[in-house]
Structures are given as C-alpha cells and as structure tokens.
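Here is the structure we will look at.
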Amino acid sequence: GEDVEQSLFLSVREGDSSVINCTYTDSSSTYLYWYKQEPGAGLQLLTYIFSNMDMKQDQRLTVLLNKKDKHLSLRIADTQTGDSAIYFCAEEDSSYKLIFGSGTRLLVRP
Amino acid sequence: EAEVAQSPRYKITEKSQAVAFWCDPISGHATLYWYRQILGQGPELLVQFQDESVVDDSQLPKDRFSAERLKGVDSTLKIQPAELGDSAMYLCASSTSTYEQYFGPGTRLTVT
C-alpha cells in the first residue's frame, strides 16, 4: 500500500533555513501537501504542489518535488521560533484519500 | 475566518463505555472527514462523507465505531464500547475540494 516517510526530528537556529524531507510511494499522486501542527491543535495546510510541477514558492516556503525519486522537500527560509511545530507530508492516493507521514518535529533554537 | 468546530476538546472515559464526538464543518463545505491520530503518528482517515453519504469508511472499525451526518451538515462519531487502544486525537476536517482540507482543533480521547 501507499507509504509516506519522514525523518523524525530537525533542530535549527533561528534565522537559518530549515529543510524537511519526505519520500512517498504512490507515483499516481496528483497533489502532495505540507501541513503544520502546533501542540494540542489541528492541522494547518501550509502549501501543496501539483505533481507536474518541480517547485513552488510561497513567501518563506519553497517546495521541491522530484517525481523520479518520489521525494518531496519543504524549505523554510529565515526560520523563526514560531515555526517550531510538527510538519506532516501527505500524498493523495488514487481515490483522493490523503496518506500522511508520521511527521517531523522542528525545533527552532533562539 | 470560518473554522471547523469540534467538541468536546478533551474526553476521558473508562473502557467499555460509549463516547461521542461532534463536528461542525465550515459552512458550505460538502465534504467532511474524520481522522484518528495516534500519538507520534500522522492522521489516518476513518470516514469521509459527501453531503450525507459515506464515500469511504474502509478504515472505520465498524464493530465499534459509527459515524453519521444526517442532514449533510454537522457530524457525530461514536465509539461503543471504547477500548484502551482507542486513546488518540480525533480530528474532523471539511473541504469543498480534495486539495484544501481544513482541520478542526480535535478531540483528545483518553480511555482508562
């Protein structure tokens, strides 16, 4: 079945860039997503990328998609302490269901 | 800004008891989703509604879980009887399309 994998933890210094990586298995995914979850809260959609794109930029966020390697990354420029959260990668399967990874916990050190 | 509402935010129940969660989606959103998120994992879809009809309930443990959306607006997820392994965050989301799901704050369930 479909599977999405992410590294568990990333620690960066405030002002640096953060790069969160994700691999997925469903090559037919039309959209791929990044969600943010703060403690005790629901998920917030950060951005998504259509499968025929290689890159999408939205303010401090840059999404890179390597369809050949089924690799997705999220780069956060000028990372702030408010960016500390869990980031989830998700792929959309052939029945339009979202399959989430286990999340990457980002810690931003002052 | 419109939000998905869920209640209660926290629920503690003893095993074998019944428990119910409520979700009010964003007005006008025809699609409603219930997810379960076990601590340390990503959300897993339990059931998806399109208006009042179930589109996907393949991951819903139907021997103990039930979900309804009678008028195609708000929805209730019920567990009876609750088991220790049901302890998790239950998230509701709604959308007008598949690529923008808006999540509520969730209900954290603890079964003792």
Side-chain angles (χ1 to χ4, degrees), chain A residues 1-9 20-26 28-53 56 58 63 65 72 74 85-106, chain B residues 1-11 21-26 29-50 54-60 77 88-110:
Chain A
E2 295 86 5
D3 192 25
V4 177
E5 295 193 357
Q6 303 178 236
S7 52
L8 289 179
F9 185 74
I20 302 171
N21 295 300
C22 167
T23 57
Y24 62 96
T25 56
D26 189 349
S28 65
S29 291
T30 306
Y31 291 97
L32 295 128
Y33 305 83
W34 284 104
Y35 282 85
K36 176 184 179 183
Q37 186 176 36
E38 298 186 27
L43 275 69
Q44 174 194 355
L45 177 64
L46 286 177
T47 187
Y48 60 89
I49 188 167
F50 190 53
S51 59
N52 68 354
M53 298 170 66
K56 180 179 180 181
D58 184 1
V63 179
L65 175 60
L72 185 72
L74 174 69
I86 302 175
Y87 291 79
F88 291 94
C89 168
E91 66 172 347
E92 188 179 83
D93 74 5
S94 55
S95 61
Y96 308 109
K97 186 168 70 179
L98 292 185
I99 309 297
F100 287 87
S102 296
T104 298
R105 182 178 296 275
L106 174 64
Chain B
E1 184 176 296
E3 295 180 342
V4 176
Q6 290 188 247
S7 67
R9 292 294 310 277
Y10 304 92
K11 180 71 178 178
F21 315 128
W22 177 80
C23 172
D24 191 12
I26 294 172
H29 282 195
T31 310
L32 184 147
Y33 311 80
W34 282 103
Y35 289 87
R36 177 170 59 186
Q37 185 180 19
I38 295 170
L39 190 64
Q41 298 182 19
E44 178 189 30
L45 181 69
L46 291 175
V47 61
Q48 177 182 343
F49 290 92
Q50 181 69 28
V54 173
V55 172
D56 184 348
D57 64 356
S58 57
Q59 300 302 310
L60 189 72
L77 178 70
M89 176 81 89
Y90 290 83
L91 294 163
C92 179
S94 69
S95 71
T96 57
S97 64
T98 56
Y99 57 84
E100 282 200 69
Q101 294 186 28
Y102 294 87
F103 282 78
T107 296
R108 181 165 294 284
L109 173 67
T110 301

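No experiment lies behind these values; they were computed from the predicted model shown. Residue numbering restarts at 1 for every chain, and letters A, B, ... go by the order of the sequence lines.
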Beyond-backbone contact of B:Y33 with A:L98, side-chain heavy atoms, under 4.5 angstrom: no

Closest non-hydrogen atom pair, B:S58 against A:K97: OG-NZ, 4.0 Å

Per-residue contact mode, B:Q59 against chain A (heavy atom under 4.5 angstrom): side chain

Shortest non-hydrogen separation from B:L91 to A:G42 and the atoms involved: CD2-CA, 4.0 Å

B:E44 side chain reached by A:I99 side chain, heavy atoms, under 4.5 Å: no

Closest-packed option against chain B by number of heavy-atom pairs under 4.5 Å, given A:C89, A:S102, A:G103: A:S102

Residues in ring pair (Phe, Tyr, Trp, His ring centres under 6.0 Å) contact with B:Y90, at least two apart in sequence or another chain: B:F21

Note, B:Q101 side chain near A:Y35 side chain (heavy atom, < 4.5 Å): yes

Minimum side-chain heavy-atom gap A:Q44-B:Y102 below 4.5 Å: no

Residue part contacting chain B, namely of A:Q6, when any heavy atom lies under 4.5 Å: neither

Partner chain A: residue of B:P105, B:P43, B:G104 with the largest heavy-atom pair count (under 4.5 Å): B:P43

Close side-chain approach of B:Q37 and A:F88, heavy atoms under 4.5 Å: yes

Verdict with reasoning, B:E100 to A:Y48, per side-chain contact (heavy atoms from CB on, under 4.5 Å): CA-CA 9 Å; B:E100 282 200 69; A:Y48 60 89; 4.3 Å; yes

Set of salt bridge (Lys or Arg N to Asp or Glu O under 4.0 Å) partners for B:D24, sequence neighbours left out: none

